[in-house]
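Worth saying up front: this structure is predicted, and the values here are computed from it rather than measured. Reminder, nothing fancy here: chain letters follow the sequence lines and each chain counts from 1.
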Protein chains: 2
Amino acid sequence: MSTRRETVRQALTGSTGFRSAQDLYADLRAEGSKIGLTTVYRALQALSDSGEVDVLRTDDGEAVYRACDSEQHHHHLVCRKCSTAVEIEGPAVEKWAAEVGAKHGFTGVTHTVEVFGTCGDCSKA
Amino acid sequence: MSTRRETVRQALTGSTGFRSAQDLYADLRAEGSKIGLTTVYRALQALSDSGEVDVLRTDDGEAVYRACDSEQHHHHLVCRKCSTAVEIEGPAVEKWAAEVGAKHGFTGVTHTVEVFGTCGDCSKA
DNA sequence: GGAGAAAATGAAAATGATTGTCAAAAAAGA
DNA sequence: TCTTTTTTGACAATCATTTTCATTTTCTCC
């Protein structure tokens, strides 16, 4: 468990929203850390491989990460302005995805579900 | 309606799966077309802007496109081996997404839902 | 049909996120 | 402490996508 990985994990934990590697790197440098960009990428890679953080892709293909509270399978309600996210669950969706996959003869069925919108705070502004 | 855009549209229509710009470009060149890569990108951009084709991102961030039969809102069941896709609908999911968004005070709620798996043909092989 | 304006095209350069390389620095073991 | 292993980070390399810009094609009006 390297120090750097821990640094990145904490930077992520301190945020409620999804953050990009570049973004986190800029923040860490801004607050005085001498961490390198490569290391930030490696830490995020390791953290997502181990399932400690969730990853998703923005519309323009950039990978963004989040340290979620729940260890279990869940989805997100993400603000498209400030990227704040709420962890959500949808048992019905899980079942539906599995069924529709099986119905068409697919095996090893998984799914991605993300809900986007403008959060209450951003809606006011 | 330019000729080139029509060329790209047809190339897409001839495929049941999601295709990347690079991929389509290679195919078109292989079959003798003198089209340029830039034009393929521009055509796909225009087609997706007008809603004529659907776009999604692969795990590694590459944009892939598909000419779907349905003009209406729908989702996809995509084979992760051959990328063949089946258009699917899930009224329950639509409702759930809208509700969960509203419950947390989000406005302008949209969602992305994709189901992945290995299709019957690829499962055999 | 032809001249000129506007839109489309494509080659090549630029961009930007992400990954690979490799030598130096830090941590772990003995 | 000395050696081995792991981690780190500067820099270069990749690769999809976008920009730029000059050329070609299409449109439009005469």
Side-chain angles (χ1 to χ4, degrees), chain A residues 1-13 15 17-67 78 80 83 112 114, chain B residues 1-12 15 17-67 78 80 83 85 112 114:
Chain A
M1 55 229 67
S2 69
T3 303
R4 290 313 199 186
R5 183 184 306 186
E6 196 50 40
T7 301
V8 172
R9 188 212 308 278
Q10 285 178 15
L12 256 189
T13 304
S15 169
F18 279 88
R19 313 287 307 279
S20 73
Q22 302 280 350
D23 200 17
L24 285 168
Y25 170 68
D27 270 17
L28 289 169
R29 297 292 290 203
E31 59 188 46
S33 171
K34 295 297 181 210
I35 198 170
L37 179 55
T38 308
T39 304
V40 173
Y41 273 103
R42 271 190 293 236
L44 290 171
Q45 183 79 62
L47 289 168
S48 81
D49 282 352
S50 73
E52 291 171 86
V53 307
D54 287 354
V55 197
L56 60 84
R57 294 268 169 188
T58 63
D59 280 342
D60 54 310
E62 195 178 15
V64 287
Y65 305 81
R66 183 177 195 273
V78 187
R80 60 170 77 81
S83 89
T112 66
E114 306 299 337
Chain B
M1 60 236 53
S2 68
T3 302
R4 291 311 200 188
R5 183 183 307 186
E6 196 50 42
T7 301
V8 172
R9 189 211 310 277
Q10 285 178 17
L12 256 190
S15 170
F18 279 88
R19 312 286 307 279
S20 73
Q22 302 280 350
D23 201 18
L24 284 168
Y25 170 68
D27 270 17
L28 289 168
R29 297 292 289 202
E31 60 187 44
S33 171
K34 296 295 182 211
I35 199 170
L37 179 56
T38 308
T39 304
V40 173
Y41 273 102
R42 272 190 291 237
L44 289 171
Q45 183 80 62
L47 289 168
S48 80
D49 282 351
S50 73
E52 291 171 87
V53 307
D54 288 354
V55 198
L56 61 85
R57 295 266 169 187
T58 63
D59 280 342
D60 54 311
E62 195 178 15
V64 287
Y65 305 81
R66 184 177 195 270
V78 187
R80 60 169 78 81
S83 89
T112 65
E114 307 298 337

| message | Please pick, from C/dT18, D/dG9, C/dT19, the nucleotide with the shortest atom-to-atom distance to any side-chain atom of A/Gln22. | response | C/dT18

| message | Check whether B/Thr39 reaches the backbone of B/Ile35 with its side chain - one donor and one acceptor, N or O, closer than 3.5 Å. | response | no

| message | From CG of B/Asp60 over to P of C/dT19, roughly how many Å is that when rounded to an integer? | response | 9 Å

| query | Which value, rounded to the nearest 0.5 Å, describes the distance between B/Leu24 atom CG and B/Leu44 atom CG? | reply | 6.0 Å

| query | In whole angstroms, how far is the P atom of D/dT17 from the CG atom of B/Leu44? | reply | 9 Å

| field | Closest approach of B/Val8 to B/Ala43 (non-hydrogen atoms, all atoms of both residues) | value | CG2-CB, 3.7 Å

| query | Between A/Glu6 (CD) and D/dT8 (P), how many Å, whole number? | reply | 11 Å

| Separation of C/dA17 P from A/Asp23 CG (nearest whole Å) | 10 Å

| Counting only distance, no hydrogens or angles, is the base of D/dG9 paired donor-acceptor with the side chain of A/Arg42 under 3.5 Å? | yes

| Roughly how many Å is it from OH in A/Tyr41 to P in D/dT8, rounded to a whole number? | 17 Å

| Separation of C/dT19 P from B/Glu62 CD (nearest whole Å) | 14 Å

| request: Please report, rounded to the nearest Å, how far the P atom of C/dG16 is from the CG atom of A/Leu37. | output: 14 Å

| task | Output yes when B/Arg19 and B/Asp27 qualify as a salt bridge under the 4.0 Å nitrogen-oxygen rule, no when they do not. | result | yes

| Taking atom types as they are modelled, is there a donor-acceptor pair under 3.5 Å from the base of D/dA10 to the side chain of A/Thr38? | yes

| Separation of B/Asp59 atom CG from C/dT19 atom P, in whole Å? | 12 Å

